[in-house]
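Presented below is the structure to which this report refers.
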Amino acid sequence: MAQKGKEEKQSVSRVAIYPGSFDPITYGHIDIVERSLEIFDTVIVAIAYDTSKNALFTVKERMETVKAVFAHVPNVVVDSFKGLLVHYVENTNAKVIIRGLRATSDFEYEFHMASMNRSLNPHLDTVFMMTSKDYFFVSSRTIKEVASLGGAVEGLVPDSSPNGCDRNSGSPLQKRKRWAGTTEQ
């Protein structure tokens, strides 16, 4: 009897959602997704339409980039959502939200959000994952700032880019830098 219950549990797919702006996706984000796949069967990278942030890339560009990064990983699903995350989660098979933590300063904000999400949906849990020591200082906001000032961001963000851009034609980040009036590439 106990064996049957164990088999039934194993047949249930463990789905988690990793929400964020991913503007742009960084190696820190990629690290969290890859490590999450060691725990969950499927990870949905859910890109938020966030009107409170000044987006460098459109949601479509961000989705294309994330899809390109994880093209070789069949159990990563890339999607987007508007509105409350808990409403989006209710339309999926997920019961867990994944959040990456870089430093203790992230914890206070993330704990508050996890508590609110749990208040809105008591069946929803949040798993906090510490980012790798190699990427704890990397954030999308910092990447955008460094790039806009002409700094190098290689090794912090993937070379994959939307619309078939490659190193020779310039990544969208480089294109945005040029668009913003930065002359260095």
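- Taking all atoms of both residues into account, the shortest heavy-atom contact from I98 to S36 is CD1-OG, 3.2 Å.
- Closest approach of S21 to R62, counting heavy atoms only: O-NH1, 2.9 Å.
- Nearest heavy-atom pair across G100 and D106 is O-OD2, 4.4 Å.
- Residues A114 and T126 approach most closely at CB-OG1, 3.5 Å, considering heavy atoms.
- Between the CD atom of E64 and the CD1 atom of I47 there is a distance of 10.0 Å, given to the nearest 0.5 Å.
- In this structure, L124 belongs to a hydrophobic cluster whose other members, linked by side-chain heavy atoms under 4.5 Å apart, are V15, I17, I44, V77, F81, L84, L85, V86, Y88, V89, I97, M116, L120.
- To the nearest 0.5 Å, atom NZ of residue K144 and atom CG of residue L149 are 13.5 Å apart.
- When all heavy atoms of I32 and T131 are compared, the closest pair comes out as CD1-CA, 4.1 Å.
- The residue from V59, T58, L56, T65 that alone fulfils the side-chain contact (heavy atoms from CB on, under 4.5 Å) condition with D23 is L56.
- In the hydrophobic clustering of this structure, I39 groups with I30; members are Ile, Leu, Val, Met, Phe, Trp, Tyr whose side-chain heavy atoms approach within less than 4.5 Å, directly or through other members.
- In plain terms, the two heavy atoms of V138 and R102 that are nearest each other are O-CD, 3.2 Å.
- Residue V96 is not grouped with residue L101 when hydrophobic side chains (ILVMFWY) are merged at heavy-atom distances under 4.5 angstrom, including chains of intermediate members.
- Contact check for V73 versus L37: side-chain heavy atoms found under the 4.5 Å cut-off.
- Applying the side-chain hydrogen bond (donor to acceptor under 3.5 Å, both in side chains) criterion to N121, with sequence neighbours excluded, gives no partner residue.
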Show your working on side-chain contact (heavy atoms from CB on, under 4.5 Å) between F40 and V127 and close with a plain yes or no.
CA-CA 11 Å; F40 301 99; V127 171; 4.2 Å; yes
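- No side-chain donor-acceptor contact under 3.5 Å links S119 to the backbone of S115.
- For T142, the side-chain hydrogen bond (donor to acceptor under 3.5 Å, both in side chains) criterion is met by S139, not counting sequence neighbours.
- Between M129 and R99 there is no side-chain heavy-atom pair separated by less than 4.5 Å.
- The NZ atom of K67 lies 8.0 Å from the CG atom of D79; values are rounded to the nearest 0.5 Å.
- With sequence neighbours left out, the side-chain contact (heavy atoms from CB on, under 4.5 Å) criterion links S140 to P24, T26, H29.
- Under the 4.5 Å side-chain heavy-atom criterion for Ile, Leu, Val, Met, Phe, Trp and Tyr, M63 and V69 are members of the same hydrophobic cluster.
- Relative ring orientation between H72 and F70 is described as parallel, the plane-to-plane angle staying below 30° on a 0-90° scale split at 30° and 60°.
- Qualifying salt bridge (Lys or Arg N to Asp or Glu O under 4.0 Å) partners for D134, counting only residues two or more places apart in sequence or in other chains: none.
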With side-chain contact (heavy atoms from CB on, under 4.5 Å) as the test, would you mind laying out the steps for V76 and V45 before giving the verdict?
CA-CA 7 Å; V76 171; V45 178; 3.9 Å; yes
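- Pairs of residues two or more places apart, or lying in two chains, that qualify as ring-ring contact (aromatic ring centres under 6.0 Å, His included) and include a residue from residues 119-155 are F107-F128.
- The pair D125-R118 meets the salt-bridge criterion, since a charged nitrogen lies less than 4.0 angstrom from a carboxylate oxygen.
- Within a 6.0 Å radius of CD in E145, other residues, nucleotides and ligands contribute 12 heavy atoms or fewer.
- Note: the hydrophobic cluster containing M113 does not contain F22 (ILVMFWY, side chain heavy atoms under 4.5 Å, direct or indirect links).
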